[in-house]
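A short write-up of the structure that comes next.
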Amino acid sequence: MRFKRPRGTQDIFGDRMDRWNIMEKRLIELAARFGYTEIRTPVFEVSDLFIRAVGEGSDIVSKEMYTFRDKKKRSLTLRPENTAPVMRAFLENGLHRRGGITRFFYIGPMFRYDRPQAGRFRQFHQFGVEALGSSNPGIDAEIIDLSLEVYKAFGFRGLEVRLNSVGCPKCRPSFIETLQSSLSGLGKELCDACSERAVTNPLRVFDCKDCDDVKKKLPVITDNLCDECMMHFKELQSLLTDMRISFVIDPLLVRGLDYYTKTAFEILHPGAGAQNALCGGGRYDGLAEDCGGPFIPAIGFSSGLERLLDNIPDDALDLSTGRKTDLFFAVPDQEFCAKAMNLASELRGAGFSIEVELSGRAMKKQLKTASESGACYTLILGNDEMEKDGVTIKDMETGGQVLVPFDEVVRYIKRGRKEKFE
RNA sequence: GUGGACAUAGCUCAGCUGGUAGAGCCCUGGAUUGUGGUUCCAGUUGUCGCGGGUUCGACUCCCGUUGUCCACCCCA
């Protein structure tokens, strides 16, 4: 074969497709239970949206975007994340004029030109939630609660909520300054990578795994918050405590996207390897203004669905309930296909699902396929049956079979419905 | 973008220090001339990822390339 799927992409079908469908259905139900409605935005946007929102210095923008030009030379980008597009849609459609809180969820593919690895793809899928229009810490708590419910719904245990506040434009710049000066005083105690980070993106030093000793000497953001951020942070903590949601304050948690303010959180799944962050989120009070809109405080999170699906405990997602077809139609003589298909549509009209075997293969194979399809009854239409104006109906559990006249087939199957299909 | 491992039949894999490929599953046919989920028999599996080099000869060694996996950067 000449063609292969592009690097970091995947074909989803069969059992895995079933699992995806079950997972998505459950996510949508859960979001609805919290009053979130779905929003679908384009998979590509004007490149500037991401450059402005996510931040020019971020890795996402500097090396991971799928950017291309269309025939009018406009620069477009396959969305690497969906918070900025949702905010763009919110503003563009004038939804902020409705007032109150707007709650959206989304589910769909995202694209990042990154090196594929366990739980990481170039086209991947995210489920995410955005609540726009409130700076109340209560909505932060709601979002964290919702994100945890997602994983509970799939049988996860032992999850850990990491919580931090990354400040706001009032307090973060001065913190970064003190951080930088304290970093420059450390000189060679820093690893090579961190020496660079100290200049380009000092907050990222907190992510370094080699510089643990150094980190203890650094100032901590939660000690340097302005009054407003501090109060927000404290209120959120007490709300979470009231809601019996346990969390770990992690002053080293910094998010890679520029738009985050105040609350930042992650949900960790210990034992998932390097890709143990199942979901990340936070508040982005400045994003609406960055996009040229009014001040709209907002918070959200997004969850990587491949990571979710691959980490679901084995016993938690039951696939055995989904019978594919009720009935199977074996047709040993292909000349009778038309008659079989007519009967099949009659049965479909009566609400049954039925698969018609049109390959003309040996009976043995047809029955084998019937067996694997999980059908309760197999209808057989060949020479013998045609001569008697009926079809053979075989009960796949008992193996017994009877000849049923054509005009009684639907009634016969319906009679069996009670025990077989309910 | 960096480092490491790997790449053989549709799938899972074997193939020792170079002599041009094998098993299981699947699939097809038969025992059962139209009857499955259990047997038994037989058969088809293939540019040994791609390109180049060394060699009388390369799946095997060397180089490059593409892809996969793992880790880093970063992130979901």
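- Contact annotation for A:A118: backbone-only contact, meaning every heavy-atom pair under 4.0 Å involves sugar-phosphate atoms and none involves a base.
- To the nearest whole angstrom, the two C1' atoms, one in B:G67 and one in B:G18, are 26 Å apart.
- Looking at heavy-atom distances under 4.0 Å, A:D114 makes contact with a base.
- Distance A:R120 CZ to B:U68 P: 13 Å, rounded to the nearest Å.
- Where A:G8 and A:I60 meet RNA chain B, the nucleotide closest to each residue was compared, and A:G8 sits on the side nearer the 5' end.
- Under a cutoff of 6.0 Å and an axis angle of 45°, A:K339 and A:F406 form a cation-pi pair.
- Relative to the side chain of A:R307, the nucleotides B:A76, B:G34, B:G37 differ in distance, and B:A76 lies closest.
- Separation of the C1' atoms belonging to B:G57 and B:U39 is 46 Å when rounded to the nearest angstrom.
- A:E130 and A:Y284 share a side-chain donor-acceptor pair at under 3.5 Å.
- Side-chain atoms of A:Q366 stay outside donor-acceptor range of the base of B:U35, with no qualifying N/O pair under 3.5 Å.
- For A:Y377 and B:U35, the OH to C1' distance is 17 Å, given to the nearest whole Å.
- Note on A:K368: only backbone sugar-phosphate atoms sit closer than 4.0 angstrom, heavy atoms only; bases stay farther off.
- When both distances must be under 3.5 Å, the Watson-Crick or G-U wobble mate of B:G22 is B:C13.
- Judged by atom type and distance alone, A:R115 does not reach the base of B:C75 through any side-chain donor-acceptor pair under 3.5 Å.
- Not a single donor-acceptor pair, N or O on each side, falls under 3.5 Å between the base of B:G1 and the side chain of A:E64.
- With 3.5 Å as the limit, one finds a donor-acceptor pair spanning the side chains of A:T369 and A:R361.
- Look at the P atom in both B:G4 and B:C62: the space between them is 15 Å, to the nearest Å.
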Worksheet entry | Trace of the side-chain hydrogen bond (donor to acceptor under 3.5 Å, both in side chains) decision for A:S62 with A:E56 | CA-CA 6 Å; A:S62 63; A:E56 206 146 4; over 6 Å; no

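- Using modelled atom types and a 3.5 Å distance limit, the side chains of A:Y377 and A:E397 yield no donor-acceptor pair.
- Atom P of B:C6 sits at a distance of 14 Å from the matching atom of B:G49, rounded to the whole Å.
- In this structure, A:S302 reaches the sugar-phosphate backbone alone: every heavy-atom distance under 4.0 Å involves primed, P, OP1 or OP2 atoms, never a base.
- With hydrogens and angles left out, the side chain of A:K394 and the base of B:U35 share a donor-acceptor pair within 3.5 Å.
- In a base pair of the Watson-Crick type (N1 to N3 plus N6-O4 or O6-N4) or a G-U wobble (N1-O2 and O6-N3), with each distance short of 3.5 Å, B:A5 is matched with B:U68.
- Taking atom P in both B:G37 and B:A31, the straight-line distance is 15 Å, to the nearest Å.
- Within the 4.0 angstrom heavy-atom criterion, base atoms lie near A:R112.
- Taking atom P on both nucleotides, B:G52 is separated from B:A58 by 13 Å, rounded to a whole Å.
- Atom P of nucleotide B:A76 and atom CG of A:L78 are separated by 18 Å, given to the nearest angstrom.
- In this structure, CD of A:E357 is placed 13 Å from C1' of B:G34, rounded to the nearest angstrom.
- Across all strands, A:G119 comes closer than 4.0 Å to base atoms (heavy-atom distances).
- Among the nucleotides B:U28, B:C75, B:G36, the one closest to any side-chain atom of A:K364 is B:G36.
- The one candidate from A:R88, A:R74, A:R79 that meets the salt bridge (charged side-chain N to carboxylate O under 4.0 Å, His left out) condition with A:E45 is A:R88.
- Among the nucleotides B:U68, B:A76, B:U35, the one closest to the side chain of A:A277 is B:A76.
- The CD-C1' distance, from A:Q117 to B:C69, rounds to 10 Å in whole Å.
- Using Watson-Crick or G-U wobble geometry with both donor-acceptor distances under 3.5 Å, B:C48 finds no partner in any strand shown.
- Within 3.5 Å, no donor on the side chain of A:K365 pairs with an acceptor on the base of B:C27, nor the reverse.
- Rounded to whole Å, atom C1' of B:A76 lies 13 Å from atom CZ of A:F156.
- In this structure, B:C61 and B:G53 make a Watson-Crick or G-U wobble pair, each of the two defining distances being under 3.5 angstrom.
- Nucleotides B:A5 and B:C11 are separated by 22 Å at their C1' atoms, to the nearest Å.
- Aromatic pair A:Y151/A:F156: ring centres closer than 6.0 Å.
- Heavy atoms of other residues, nucleotides or ligands lying less than 6.0 angstrom from OH of A:Y113 number 12 at most.
- What separates CG of A:L379 from C1' of B:G36 is a distance of 15 Å, to the nearest Å.
- Straight-line distance from the NZ atom of A:K388 to the P atom of B:G34: 15 Å, rounded to whole Å.
- Here A:Q401 lies in heavy-atom contact (under 4.0 Å) with a base.
- B:G43 and B:C25 are spaced 16 Å apart, taking the C1' atom of each and rounding to whole Å.
- A:Q123 comes within 4.0 angstrom of no nucleic acid atom, judged by non-hydrogen atoms across all strands.
- Within the shown strands, B:U39 is the pairing partner of B:A31 under the Watson-Crick or G-U definition, both distances less than 3.5 Å.
- Where A:Q126 and A:G400 each meet RNA chain B at their nearest nucleotide, the meeting point lying more 5' is that of A:G400.
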